[in-house]
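Below: the structure, in structure tokens.
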Amino acid sequence: FGSVNISSDVTHTFTIHNSDVTNALSISGATITGSSDFSLVSPPASSVNMNGGTTTFQIKYTPSILGIVTATVTIYSSDCDEDPYTFLIQGEGTCIAPSFTTCPSNINRFTSANCDTIVNYSVVADGVPTPALTYEFTGATIASGNGTGTGSTFNKGTTTVTIIAANLCNTATCTFDVIVSDNVFPQITCPANQNINNDVGLCSAVANFIDPIGTDNCSGQTTTQITG
């Protein structure tokens with residue numbers, strides 16, 4: 001059956017000839033023993049006409065493992081000197097190692113109001129059988145799982161994305177950085193201007209007000225009085 005990629009299949013047709021010039025050939029069965037990757041798709045007819053009559057049967061090979069496998073085909077018939085008739089078949093399961101046809105370059109994004117952002121990207125890997133994809137985030141964002149991780153939320157900073165494609169043949173790796181920068185300016189709430197009279201006997205007065213409050217979309221902000 002030759003070399004066949006795993007997850008594919010190939011079917012071969014075999015022919016039985018009856019060379020007896022006086023008697024039809026009765027066929028009582030056909031079996032396959034050995035590797036279960038071979039299956040009988042269609043059996044031969046139960047009777048083959050004399051003097052050159054023929055019947056066919058089909059066997060399908062669907063590899064499930066890498067490497068060469070064999071099986072024995074047995075034909076049971078009324079043949080006087082070849083009952084049963086046996087022959088060997090073999091096939092080789094192969095695969096194509098994964099490779100990335102699309103792997104993003106570094107991605108730059110800005111933070112949202114929550115100091116993070118959702119990032120979508122496209123990653124495509126080929127291979128036979130179809131490779132399974134897993135991802136891992138390291139750096140500013142820590143996460144891992146099945147798939148590519150696209151559509152995930154990334155924290156401010158640099159996150160390295162590593163995607164691995166794996167099948168029976170080998171593995172391939174796609175790596176890029178997601179860089180999230182904060183471009184949202186801090187905000188501060190200031191008290192309104194005050195007009196007050198000086199204290200009695202003094203050229204000054206005590207002013208009371210609520211301390212200004214500074215806020216930012218990312219944590220770690222500080223509010224500092226620099227004059228007054």
Review point. Nearest 0.5 Å, what's the CG-NZ distance between D9 and K60?
Key: 5.0 Å
Review point. When rounded to the nearest 0.5 angstrom, what is the spacing between CD in E82 and CG in L25?
Key: 10.0 Å
Check your understanding: With sequence neighbours left out, what residues match F100 under ring pair (Phe, Tyr, Trp, His ring centres under 6.0 Å)?
Key -> none
Exercise for review: Please check if V161 and L133 belong to a single hydrophobic cluster, counting links between Ile, Leu, Val, Met, Phe, Trp and Tyr side chain heavy atoms closer than 4.5 Å.
Suggested key: yes
Exercise for review: Mark yes or no for whether Y135, through its side chain, and A143, through its backbone, hold a donor-acceptor pair below 3.5 Å.
Suggested key: no
Point to revise | Nearest non-hydrogen partners of A71 and F38, listed with the distance | key: CB-CD1, 3.6 Å
**Study point:** Rounded distance [0.5 Å steps], OG1 in T70 versus CG in D37
**Key:** 10.5 Å
Check your understanding: When you measure from the side chain of D177 to the backbone N and O of N106, does any donor-acceptor pair fall under 3.5 Å?
Key -> no
Point to revise | With F154 via ring pair (Phe, Tyr, Trp, His ring centres under 6.0 Å) - residues at least two apart | key: F137
Point to revise | Test item: Y76 side-chain N/O and T31 main-chain N/O as donor-acceptor pair under 3.5 Å | key: no
Review point. Taking everything shown except D81 itself, do over 12 heavy atoms lie less than 6.0 Å from its CG?
Key: yes
**Study point:** Stepwise side-chain contact (heavy atoms from CB on, under 4.5 Å) check, I75 with I27
**Key:** CA-CA 7 Å; I75 307 296; I27 298 176; 4.2 Å; yes
Check your understanding: Nearest heavy-atom pair of T153 and T141: which atoms, and what distance?
Key -> O-CG2, 3.7 Å
**Study point:** Contacts of T175 that satisfy side chain to side chain contact (heavy atoms under 4.5 Å, CB included) - sequence neighbours left out
**Key:** T160, T162, T173
Practice item. For the residue pair D83 and S78, establish whether any side-chain heavy-atom pair is separated by less than 4.5 Å. Key: no
Study note, to complete from the structure: Looking only at heavy atoms, the pair that brings I32 and S39 closest together is CD1-C, 3.7 Å
Review point. Taking side chain as C-beta onward, heavy atoms only, is N108 less than 4.5 Å from I179?
Key: yes
**Study point:** Minimum side-chain heavy-atom gap S122-T150 below 4.5 Å
**Key:** no
Exercise for review: Go through the structure and list residues passing side chain to side chain contact (heavy atoms under 4.5 Å, CB included) with D199, not counting sequence neighbours.
Suggested key: L202, A205, V206
Check your understanding: Can you name the nearest heavy-atom pair linking N18 to M50, along with the distance?
Key -> ND2-CA, 3.4 Å
**Study point:** Nearest heavy atoms of Y121 and P104, plus distance in Å
**Key:** CB-CG, 4.1 Å
**Study point:** Worked check of side-chain contact (heavy atoms from CB on, under 4.5 Å) between T159 and V180
**Key:** CA-CA 8 Å; T159 299; V180 180; over 6 Å; no
**Study point:** Distance, nearest 0.5 Å, that separates OG1 of T101 from CG of D126
**Key:** 4.5 Å
Practice item. Indicate yes or no for a side-chain donor-acceptor contact from N114 to the backbone of D116 under 3.5 Å, with no hydrogens or angles considered. Key: no
Check your understanding: Do any N or O atoms from the side chain of S3 and from the backbone of E92 form a donor-acceptor pair under 3.5 angstrom?
Key -> no
Study note, to complete from the structure: For R109 and T117, the nearest pair of non-hydrogen atoms, with its separation, is CB-CG2, 3.9 Å
Exercise for review: Establish whether L40 and V48 are linked, either directly or via other cluster members, by ILVMFWY side-chain heavy-atom contacts under 4.5 Å.
Suggested key: yes
**Study point:** Point-to-point distance, once rounded to the nearest 0.5 Å, from CD1 of I65 to SG of C95
**Key:** 12.0 Å
Review point. Y61 and I89: same hydrophobic cluster, using ILVMFWY side-chain contacts below 4.5 Å?
Key: yes
**Study point:** ring pair (Phe, Tyr, Trp, His ring centres under 6.0 Å) partners for H17, two or more places apart
**Key:** none
Exercise for review: Applying side-chain contact (heavy atoms from CB on, under 4.5 Å), run through H12 and I59 and close with a yes or a no.
Suggested key: CA-CA 6 Å; H12 283 185; I59 296 175; 5.7 Å; no
Exercise for review: Say whether, by atom type as modelled, one donor and one acceptor occur between the side chain of N198 and the main chain of C203 under 3.5 angstrom.
Suggested key: no
Check your understanding: Distance only, no hydrogens: is a donor on one side chain within 3.5 Å (strictly under) of an acceptor on the other, for N5 and T94?
Key -> yes
Check your understanding: Is a side-chain N or O of N167 found less than 3.5 angstrom from the main chain of I96, in a donor-acceptor match?
Key -> yes
Check your understanding: For the atom pair CD1 (I188) and SG (C190), what is the distance rounded to the nearest 0.5 Å?
Key -> 4.5 Å
Review point. Given side chains that start at C-beta, do those of C169 and P131 come closer than 4.5 Å, heavy atoms only?
Key: no
Check your understanding: Do Y85 and D79 pass the side-chain contact (heavy atoms from CB on, under 4.5 Å) test, and can you show the C-alpha distance, the side-chain angles, and the key distance before you say yes or no?
Key -> CA-CA 9 Å; Y85 178 78; D79 191 297; over 6 Å; no
Point to revise | Set of residues satisfying ring pair (Phe, Tyr, Trp, His ring centres under 6.0 Å) with respect to F14, sequence neighbours excluded | key: F57, F87
